Amino acid sequence: VKSNKAPYCIPMPPPNVTGSLHMGHALTMTLQDILSRFERMQGRDVLWQPGTDHAGIATQLVVERLLEKEGSSRHKLGRENFLKRVWEWKEQSGNTITSQLRRLGATPDWERERFTMDPDLNKGVNKVFVQLYNEKLIYKDKRLVNWDPKMHTAVSDLEVEQVEIKGNMWHFKYPIKGMADTFITIATTRPETMLGDTAVAVHPEDERYKKLIGKMVVLPITGREIPIIADDYADPEKGSGAVKITPAHDFNDFEVGKRHKLPMLSILDKDAKIAAAEGAQIPEAYIGLDRFVARKQVVAEIEALGLLDKIEPQVHAVPHDEKSKSVVLEPFLTDQWYCDAVTLAKPAIEAVETGKTQFIPKTWEKTYFEWMRNIQPWCISRQLWWGHQIPAWYDDNGKVFVAETEEEAQKLAGAGVKLTRDPDVLDTWFSSALWPFSTLGWPEKTEEVKRYYPAETLITGFDIIFFWVARMMMMGIHFMKDVPFKKVYIHALVRDEKGQKMSKTKGNVVDPLDVIDQYGADALRFTMAALAAQGRDVKWSNSRAEGYRNFATKLWNASRFCEMNGCALKIDFKPQGNKHTLNRWIVSELAATSVKVSDALKAFRYNDAASALYQFTWGTFCDWYIEFTKPLINGSDAAVKQETQDTTGWVLDQILLLLNPFMPYLTEELHAHLLGKEKAGKEDWLQTKMWPVFDKAVIDSKAQEEVNWVVKLISEIRSVRSDMNVPAAAQIKMQLKGLNATNQQRLNTYLDIIKRLARLSEVEASENAAPKGSIQTVIDEANIILPLADVVDIAQERERLKKEIDKANANIERINKMLLNQAFLAKAPEEVVQEQTEARTEAENLKAKLSQALKQLEAA
RNA sequence: GGGCGCUUAGCUCAGUUGGUAGAGCAUCUCGUUUACACCGAGAGGGUCGGGAGUUCGAGUCUCUCAGCGCCCACCA
């Protein structure tokens, strides 16, 4: 704790221990690292809190597969040994991801690394559970859950993926008791569930069935009698208008069943095989059949009974487990622990409404609200072994005692009462929900809790807004009486170049480690920043990465240039002391860039920050400044030479500083180099330096104007030369006609530079008429005349001038359309009118000069 | 069914209060200059998905149509 600095906390979304670095990590961690480094350079006491998540199901699956290969299983091992095995695996392989993060250059506070199943974090989990239980915000309930018949566990609604499957709609005729040859037809996509039907529902207003309400149906196969009930749920428009009700195997039917107090017959076991349910009267032949086998069996028997009305092929959505994909989940009636999310969500919604927590971009708040306002009870128990075992104990009568430890539970139950612990574990997201404070040592009253809660910023992907962000909000507010973070920056997901989600099955996965091998970690990071515009997705592009690798090389070469030309870094260099315009200019441009970059980062506009740095470094510094100053460095004016060398070295170092959050490896290396050291000591590290803030005095707008004119002149000459196919090697003459005093002065000052960069042999400012066979162009008030009598192609020059004149004409016309419009003059702001008027004058001036040049050409 | 978003140069994308459309890559031309060919100089290329509206003025605001994508819910 560096107590003299303002704290800045950013909790790292803990990657799964099972994971290895993928592009999504590379993106999110890069963005977090850039921000962490940036804030550190602002002098903040930054805590970027790292750690890993135990990832219940995922990890258990990994180890179970391992066991399977060994011919063993978790059941053979038993719970205790199995857990031992998982821990062993975690010790060996669990830090793969964190070491990969180091390769990426991520700099969280590694010494504070936490794991969601660390002892102190477990303590927090138990405390939260017990308190919520005592507040009646956690309770046990028998409801339908999505059941995974392979893993034998409840699965979160959020982890259910609806997959479109080609199936059938079977229409069955159910006979009505006491009415010979009268049937009521129902339709179903899951015939086997009919064994558990406990009613048939029709709409109360449905004329077709009104008279049947209250009658009994004799359920085929089982012979059970079930009532025909009236319920709004039955939609007369759908199917036959009559619907079978299977409360224990369908979420809607469950609600209907509750309304009508229907029996709930659970006819499947944990493996989703048909099981004998009390009172269900399922024939012996069905018991133990797999659900899909039973389906065929039921259909066959119904058909044999002559009760099959028809079969229609139909595509319908079937719930699958998001992770394993292959497993069809089953609505299953079980006892589970629930958390009263409805209650907890209220203040969490309010916190975002009042702006205590802000989403960036703001549009994600809608997503958050949408879910939070319709939130369902959160099923927090899982029938797994790997995770936080629920701190609840039962006596022989099934009475439950919830306490943080077994001793306390025993106290509650009374001495001598034999207690058995609830075997279930908590949903992984339960412990992740506590991450912003559990990692700081809560429930202990630590310095860190006081200092770093709430966090300033959370950076994460939109895919876990519900899973994680929302839950942290609920738990944070409930237990800490304050939001867990003030800002949530939601970034997109990384997709491939075609916008497809990366997946192993599609084979379009880009491995960030391969990218690092190929282009370097710095290039990967810079690319991520450059691609991270606040849109929906980040499409990975190898060509972009290649471009930024080139950028790194460019910077490296610039540094080499500095070294070769005596441009060293002087620690006490003061840019405001510069005298030469070029040096004053580059410092001004640098200052402007620095502001752009920090403004962009403060607004999470990483791409803007990246492009400002790219442009300044490559365009302004390398392409112009270094080229401009070569003559100065090789020149005879010792004072100017020294100042230029010092400025060059210093600006390069400032670039390294600004670029350090993005490209930490290269910039540190070059910085050390600039200091003349093989390897820099800690005290020299850029990441410990302050972000440059420039005095306004350093910005010299006159210098900027002046140099911009020179740039424009050179560009103009180069463009014409190229257009007219003047050989690059040819040194030609130039005459400037009509030059005003200011620019004449500038011309003299930069004569050498202009000659060098525009490949000119002689330059003169004179009012003489353009010699025959010249090519001409215009810069502001002056004509640029390049006499090339022997080389120039008159016809080509004529074409070129005409084209330029056309352009000027079009421009004038466009502006006239505005300026001759009374409504525009009346309603547009004065400054816009002014602007356009000036633009017109300029364009007319240009046109006049070009036309004159054309006339001269024709005359010659 | 409800919600969100996207459609801008050949490709991938920027474009923050409405005021003459930008970048990288790709393409084409030319390369003198010992920091750099992972380079330098120059050029071409867009009626901003279609239509309507608001406005003096729309890539930018509103409506509408079309195509694409995502999320949630449902599917007897």
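Chain letters run A, B, ... following the sequence lines, proteins first and then strands; every chain starts at 1. Just so you know, these numbers come straight off a predicted model, no measurement behind them.
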Counting heavy atoms from C-beta on, name the nucleotide in B/rC72, B/rA43, B/rA35 closest to the side chain of A/Ser719.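 The closest nucleotide is B/rA43.
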Counting the atoms with a prime plus P, OP1 and OP2 as sugar-phosphate, which does [X] contact under 4.0 Å by heavy atoms, base, sugar-phosphate, or nothing?
{"X": "A/Glu563", "value": "nothing"}
{"X": "A/Asn811", "value": "base"}
{"X": "A/Cys562", "value": "nothing"}
{"X": "A/Glu546", "value": "nothing"}
{"X": "A/Asp623", "value": "sugar-phosphate"}
{"X": "A/Ala234", "value": "base"}
{"X": "A/Arg549", "value": "base"}
{"X": "A/Trp170", "value": "nothing"}
{"X": "A/Arg814", "value": "base"}

Nearest-Å distance once atom C1' is located in both B/rG24 and B/rG1: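 Those two atoms are separated by 42 Å.
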Expressed in whole Å, how much space separates the C1' atoms belonging to B/rC68 and B/rC30?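 Result for the C1' pair: 42 Å, nearest Å.
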Below 30° counts as parallel, above 60° as perpendicular, anything between as tilted: where do the rings of A/Phe551 and A/Phe526 land?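 Taking A/Phe526 first and then A/Phe551, their aromatic rings sit tilted (interplane angle of 30° to 60°).
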Would you call the rings of A/Phe359 and A/Tyr368 parallel, tilted or perpendicular, where under 30° means parallel and over 60° means perpendicular? tilted
Tell me, do A/Leu819 and A/Leu825 make a side-chain contact under 4.5 Å, heavy atoms counted? yes
Would you say A/Phe172 and A/Leu307 make side-chain contact, with heavy atoms under 4.5 Å?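 No; the side chains remain at least 4.5 Å from each other.
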Side-chain donor/acceptor contact of [X] with base of [N] under 3.5 Å:
{"X": "A/Arg544", "N": "B/rC25", "value": "no"}
{"X": "A/Ser543", "N": "B/rC25", "value": "no"}
{"X": "A/Lys554", "N": "B/rC36", "value": "yes"}

Need to verify one output field. Residue with the more 5' nearest nucleotide on RNA chain B, A/Phe824 or A/Thr553?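 Result of the comparison: A/Thr553.
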Residues forming a salt bridge (Lys or Arg N to Asp or Glu O under 4.0 Å) with A/Lys630, sequence neighbours excluded: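 Only A/Glu627 meet the salt bridge (Lys or Arg N to Asp or Glu O under 4.0 Å) criterion with A/Lys630.
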Nearest whole angstrom, please: distance from the [atom2] of [N] to the [atom1] of [X].
{"X": "A/Met818", "N": "B/rG18", "atom1": "CE", "atom2": "C1'", "value": "13 Å"}
{"X": "A/Glu831", "N": "B/rU17", "atom1": "CD", "atom2": "P", "value": "16 Å"}
{"X": "A/Tyr233", "N": "B/rA76", "atom1": "OH", "atom2": "P", "value": "7 Å"}
{"X": "A/Ile360", "N": "B/rU16", "atom1": "CD1", "atom2": "P", "value": "18 Å"}

Would you tabulate the side-chain donor-acceptor contacts of residues 609-623 of chain A under 3.5 Å, counting partners in other chains and residues two or more places apart, or write 'none'?
{"from": "A/Ser611", "atom 1": "OG", "to": "A/Asp608", "atom 2": "O", "distance (Å)": "3.4"}
{"from": "A/Thr617", "atom 1": "OG1", "to": "A/Leu613", "atom 2": "O", "distance (Å)": "2.7"}

Determine: side-chain N/O of A/Asn565 to OP1/OP2 of B/rA35, distance under 4.0 Å, yes or no.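 Indeed not, no polar side-chain atom of A/Asn565 lies that close.
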Nucleic acid contacts - residues 185-199 of chain A versus RNA chain B, non-hydrogen atoms under 4.0 Å: A/Ala187, A/Thr188, A/Thr189
